[in-house]
**Student:** 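Okay, here's the structure, questions in a sec.
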Amino acid sequence: MDLSPKVQSNSNGTTILPPKETSLESNGHEMKGSYRTNLARNENMEKLQNHYLFPEITFRVVEHLKKYPDAKIISLGIGDTTQPVPEIVASEMANYAGGLATPEGYSGYGAEQGNMNLRKKIAEKLYKNLGVKNTEVFVADGAQCDISRIQMLLGSNVSIAVQDPSFPAYIDSGVIIGQSGDLDHKSGRYKNIEYMTCDAENGFFPDFSKIRRTDVIFFCNPNNPTGHAASRKQLEQLVEFATKNGSLIVYDAAYFVYIADDSPRSIYEIPGAKKVAIEVASFSKIAGFTGVRLGWTVVPEELLYSNGSQVIKDYDRIVCTCFNGASKIAQSGGLACLSDEGYKAILSTVNYYHENAKILTDTFTSLGFNVHGGINAPYVYVHFPGKKSWDVFNHILEKTHVVTVPGSGFGPGGEEYIRVSAFGKRENILEASERFKRVYL
Ligand code: MLT
């Protein structure tokens, strides 16, 4: 089977699959000569023209390894954590798991919304003085899964806006649920989705005077991939814009713990936000839970539909219908993360990643690049003027065996940039920096 990447680029360098009539066994699209059911393909799935970003990167790395089987690959691509979870957290999960083997310690299903102690702890510790109630916190198996559950809540009959660039799950889940038109190959944008440009010119924050009103605004802060954390004033503008338009903000705070300056860590620090915003967050990037899986979503009671009914009631219905609650083992770990000792340990790991980000920032800066992010986020966002970001990704991989992420994978607005993750082990960050210097000095 030919596994070569069957991809082409549009004028923005965005990766596009070949036309449908091509046989694409490796992409699982069309198998010639096989039995077919009478099931029609979901037309929204047909609209998805690109692979999901991270599997596409893996695919290219696999190809690269075929060419260079002995290459020592360093992955600074997907934002996967590398530092161990704190001892107190691991031992709490081990204790809980051990208890499951005993009659006293065994229990089955938990509450779909999560363990009340954990909901309480999240509300108290992470939303202190912000008026978030325990019952407004829904514990989940991760932010990305909650994004999809929120999309199910919203349905197909809403218009959405996204930062461009931003985490690709918002757009892809929006396309899947039917919120978009077709991809416009020329611009690399899906029709009916409002792309809020965030570039160096506007300080990586949208100019709302240029943004069309939509029902929903997905807003990732600190932004993935640019690393920009919005100031209080900017978030006030966001809340004001949403309130004026009667829009819902789906605020993704997955990286809040990386905010090192006095920028707000939660949208609820902004007066009026509880009336217009749902906040999604996760233990993945704050406590190394990318594999453990644990996150949460806050849906305020004050958030109302146009008919006056509460969004929280519907969200609870979605959670009860589509989710049976997060793993109790993971939730015991989540509670330990929020203990004084656990949280201190977490912050020390966050500091380690911050130091990594500084090493990467200094490296690219010393090589003459304009570098963004890194201070309030675990991502360093590097500008390669005039270059297609997939070309830069390929070039770096070819010359250094270091995996990055092309900015255009986060939307056409990420063209000319690559994102470098600071979640690596220190020795790999240092080694990657040396390799970058060898290529770009
Ligand atoms: C990223 O690298 O952007 C994210 O870590 C991927 C994810 O959270 O799924």
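One-based numbering, in listed order, for ligands and for the atoms of each.
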**Student:** Can you check whether Asp80 has an N/O within less than 3.5 Å of an N/O in ligand 1?
**Tutor:**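 Between Asp80 and ligand 1, no N or O pair is found under 3.5 Å apart.
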**Student:** Without swapping roles, check the side chain of Tyr268 against the backbone of Glu279 for a donor-acceptor pair under 3.5 Å.
**Tutor:** yes
**Student:** One residue to check: Ile78. Relative to ligand 1, which of side chain, backbone, both or neither has a non-hydrogen atom less than 4.0 Å away?
**Tutor:** both
**Student:** Compute whether any side-chain donor of one residue and acceptor of the other, for Asp80 and Thr290, lie under 3.5 angstrom apart.
**Tutor:**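 Yes - a donor-acceptor pair under 3.5 Å links their side chains.
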**Student:** Apply the side-chain contact (heavy atoms from CB on, under 4.5 Å) test between Tyr170 and each candidate in Val216, Val175, Asp252; give the one that qualifies.
**Tutor:** Asp252
**Student:** Below 4.0 angstrom from a heavy atom of Asn224, which ligand 1 atoms are there? Numbered from 1 as shown, please.
**Tutor:**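 Checking each atom against Asn224, I get 1 (C), 3 (O).
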**Student:** Is the Phe369-Tyr440 ring centre distance short of 6.0 angstrom?
**Tutor:** yes
**Student:** Using only heavy-atom distances, determine whether the side chains of Ser173 and Gln151 contain a donor-acceptor pair under 3.5 Å.
**Tutor:** yes
**Student:** Do me a favour and list the nearest non-hydrogen protein atom to atom 4 (C) of ligand 1 with residue, atom name and distance?
**Tutor:**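 Looking only at protein heavy atoms, the one closest to atom 4 (C) of ligand 1 is Lys285 NZ, 3.3 Å.
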**Student:** Against heavy atoms of Gly79, which atoms of ligand 1 measure under 4.0 Å?
**Tutor:**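 Matching atoms, with element in brackets: 1 (C), 2 (O), 5 (O).
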**Student:** Check for me whether Arg419 meets the cation-pi criterion with Phe410, that is, NZ or CZ under 6.0 Å from the six-membered ring centre and within 45 degrees of the ring axis.
**Tutor:**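 No cation-pi geometry.
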**Student:** Check each heavy atom of Tyr379 against ligand 1 and say whether those closer than 4.0 Å belong to the side chain, the backbone, both or neither.
**Tutor:**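 The answer is the side chain.
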**Student:** Under 4.0 Å, heavy-atom basis, I'd like to know which part of Tyr52 is in contact with ligand 1: side chain, backbone, both or neither.
**Tutor:**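 Neither part.
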**Student:** Can Tyr255 be said to touch ligand 1, with heavy atoms closer than 4.0 Å?
**Tutor:**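 Yes; Tyr255 lies near enough to ligand 1 that a heavy-atom distance drops under 4.0 Å.
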**Student:** What protein heavy atom lies closest to atom 9 (O) of ligand 1? Include the residue and the distance to one decimal.
**Tutor:**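 Ranking protein heavy atoms by distance from atom 9 (O) of ligand 1, first comes Gln144 OE1, 3.1 Å.
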**Student:** As an exercise, identify every atom of ligand 1 less than 4.0 angstrom from a heavy atom of Phe167.
**Tutor:**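 Those atoms are 6 (C), 7 (C), 8 (O), 9 (O).
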**Student:** With a 3.5 Å cut-off and no angle check, do the side chains of Tyr315 and Asp146 form a donor-acceptor pair?
**Tutor:** yes
